[in-house]
Chemist: 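One structure is given below, represented as structure tokens, and several questions about it will come after.
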Amino acid sequence: MHIKKIYKILLNYFGEQGWWHADSIFEICVGIILVQRTTWRNAAKGIENLKKRRLLKVKKIAEISLKELEDLLRPTGFYRQKAEYLKIFTQYALEKYGGDLEKWFNKSAEELRKELLRLKGIGEETADSILLYAAKKLVFVVDAYTKRILTRLGIIKKGTSCSEIKKMIWRELPVDLKTYKELRALFVELGKRFCKATPQCDGCPLESVCQKHI
DNA sequence: GTCCAGGGCCTAC
DNA sequence: GTAGGCCATGGA
């Protein structure tokens with residue numbers, strides 16, 4: 001079973017996901033950081049809290065007190081870390097690029113990735129997510145769901161590294177931004193509905209091609 | 001009450 | 001380089 005076929009099945013089943021229709025690049029970055037290890041529903045509460053207070057700007061976040069930011073992010077879980085992460089991200093963007101994310105992201109994917117990974121709170125997945133959804137770089141995002149799904153489908157072995165998976169996707173899928181954004185979103189959707197830690201295969205669109213339940 | 005969600009950091013081996 | 005503990009709210 002090829003990735004291309006799986007993509008078609010998922011797109012047909014779930015429809016287009018259209019993730020990250022946000023008001024700004026910065027909002028996308030904030031969303032990506034806030035959704036770490038939680039649901040979008042909870043992350044969105046944090047975004048809403050910031051919007052209500054008109055704080056969804058690089059400079060604003062960089063300058064408000066940590067305590068205030070923590071309180072606004074409480075519904076997102078792990079709010080102390082996330083507040084610190086947003087502080088670090090915004091202060092870096094402000095000092096080095098005057099808060100202009102367009103300017104910051106206008107460099108090669110490799111350079112930007114290295115730069116993002118140096119910031120506390122931005123690991124591999126968050127960096128790749130920012131690269132794809134905010135900086136519009138052609139990078140596939142490998143998350144826990146992607147690994148679990150591909151493992152259960154028998155496409156990768158358990159323990160395959162993120163970079164190996166990315167190379168595999170790169171080989172098998174026609175490379176365009178929209179497809180990468182959609183596929184990642186579709187994997188998450190499939191994961192939430194059917195491919196949880198304990199499989200819930202009843203009605204899964206990939207049930208007929210899934211080989212094992214590891 | 002229990003389990004887990006669109007990770008990452010830190011520490012110990 | 002990787003396995004395990006930790007972070008914390010909210011929904012099922």
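Values reported hereafter were calculated over all heavy atoms of this structure, with side chains retained and with hydrogens, waters and symmetry mates removed. Letters A, B, ... mirror the listed sequences (proteins, then strands); counts begin at 1.
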Chemist: Would you say A:Lys120 places a side-chain N or O within less than 4.0 Å of OP1 or OP2 belonging to B:dC10?
Modeler: yes
Chemist: Roughly, in whole Å, what's the span from CH2 in A:Trp40 to C1' in C:dG11?
Modeler: 17 Å
Chemist: What is the separation between atom NZ on A:Lys147 and atom P on B:dG7, rounded to the nearest whole Å?
Modeler: 11 Å
Chemist: For A:Tyr145 and B:dG7, what is the distance between atoms OH and P respectively, to the nearest whole Å?
Modeler: 8 Å
Chemist: Would you say A:Lys45 reaches C:dG11's phosphate, i.e. side-chain N/O to OP1/OP2 under 4.0 Å?
Modeler: yes
Chemist: With sugar-phosphate meaning primed atoms plus P, OP1 and OP2, does A:Ile122 contact a base, only sugar-phosphate, or nothing at under 4.0 Å between heavy atoms?
Modeler: sugar-phosphate
Chemist: Is there a side-chain polar atom (N or O) of A:Gln81 under 4.0 Å from OP1 or OP2 of B:dG7?
Modeler: no
Chemist: Under 4.0 Å from OP1 or OP2 of B:dC4: is there any side-chain N or O of A:Thr39 that close?
Modeler: no
Chemist: Quick one: A:Phe89 CZ to B:dG7 C1', roughly how many Å, whole number?
Modeler: 16 Å
Chemist: Side chains of A:Leu86 and A:Leu73, heavy atoms from C-beta outward: is any pair under 4.5 Å?
Modeler: yes
Chemist: So that I can tick it off, tell me whether A:Asp128 and A:Lys137 are bridged by a salt bridge, with the cut-off set at under 4.0 angstrom between side-chain N and carboxylate O.
Modeler: no
Chemist: Hey, does the side chain of A:Arg37 come within less than 4.0 Å of B:dA5's phosphate (OP1/OP2), counting only N and O?
Modeler: yes
Chemist: If you only use heavy atoms from C-beta on, which nucleotide in B:dG8, B:dA5, C:dA8 is closest to the side chain of A:Gln36?
Modeler: B:dG8
Chemist: Does C:dA8 have OP1 or OP2 under 4.0 Å away from a side-chain N or O of A:Tyr79?
Modeler: no
Chemist: Report the distance from atom CG of A:Leu183 to atom CG of A:Leu10, rounding to the nearest 0.5 Å.
Modeler: 7.0 Å
Chemist: Taking B:dG6 as the reference, what is the distance to C:dG5 when you measure between their P atoms (whole Å, please)?
Modeler: 23 Å
Chemist: Applying a 4.0 Å non-hydrogen cut-off, can you work out what A:Lys196 is touching in the nucleic acid: base, sugar-phosphate, or nothing?
Modeler: nothing
Chemist: Decide, applying a 5.5 Å centre-distance limit and a 30° plane-angle limit (both strict), whether A:Trp19 stacks on B:dG6.
Modeler: yes
Chemist: Specify the separation, in whole Å, of atom CG of A:Leu72 and atom P of C:dT9.
Modeler: 15 Å
Chemist: Using the P atom on both, measure C:dG10 against B:dG8 and round to a whole Å.
Modeler: 22 Å
Chemist: So which nucleotide from C:dT9, C:dA8, B:dG6 ends up closest to the side chain of A:Arg80?
Modeler: C:dA8
Chemist: Please report the interatomic distance CD1(A:Ile64) to CG(A:Leu72), rounded to the nearest 0.5 Å.
Modeler: 6.0 Å
Chemist: Can you tell me how far P of C:dA3 sits from NZ of A:Lys158, to the nearest Å?
Modeler: 10 Å
Chemist: Mind checking if A:Gly123 touches a base, just sugar-phosphate, or nothing, with heavy atoms under 4.0 Å?
Modeler: sugar-phosphate
Chemist: For the pair made of NZ in A:Lys82 and P in B:dG8, what is the distance, rounded to whole Å?
Modeler: 11 Å
Chemist: Using a 4.0 Å heavy-atom cut-off, does A:Tyr85 contact any base of the nucleic acid, only the sugar-phosphate backbone, or nothing at all?
Modeler: sugar-phosphate
Chemist: Closer than 4.0 angstrom, basic N to acidic O: yes or no for A:Glu63 and A:Lys59?
Modeler: yes
Chemist: Could you check how far CD of A:Glu84 sits from P of B:dC9, rounded to whole Å?
Modeler: 10 Å
Chemist: Are A:Phe89 and A:Trp104 near enough that their ring centres are under 6.0 Å apart?
Modeler: yes
Chemist: Tell me which nucleotide among C:dT9, B:dC4, B:dG6 gets nearest to the side chain of A:Asp143.
Modeler: B:dG6
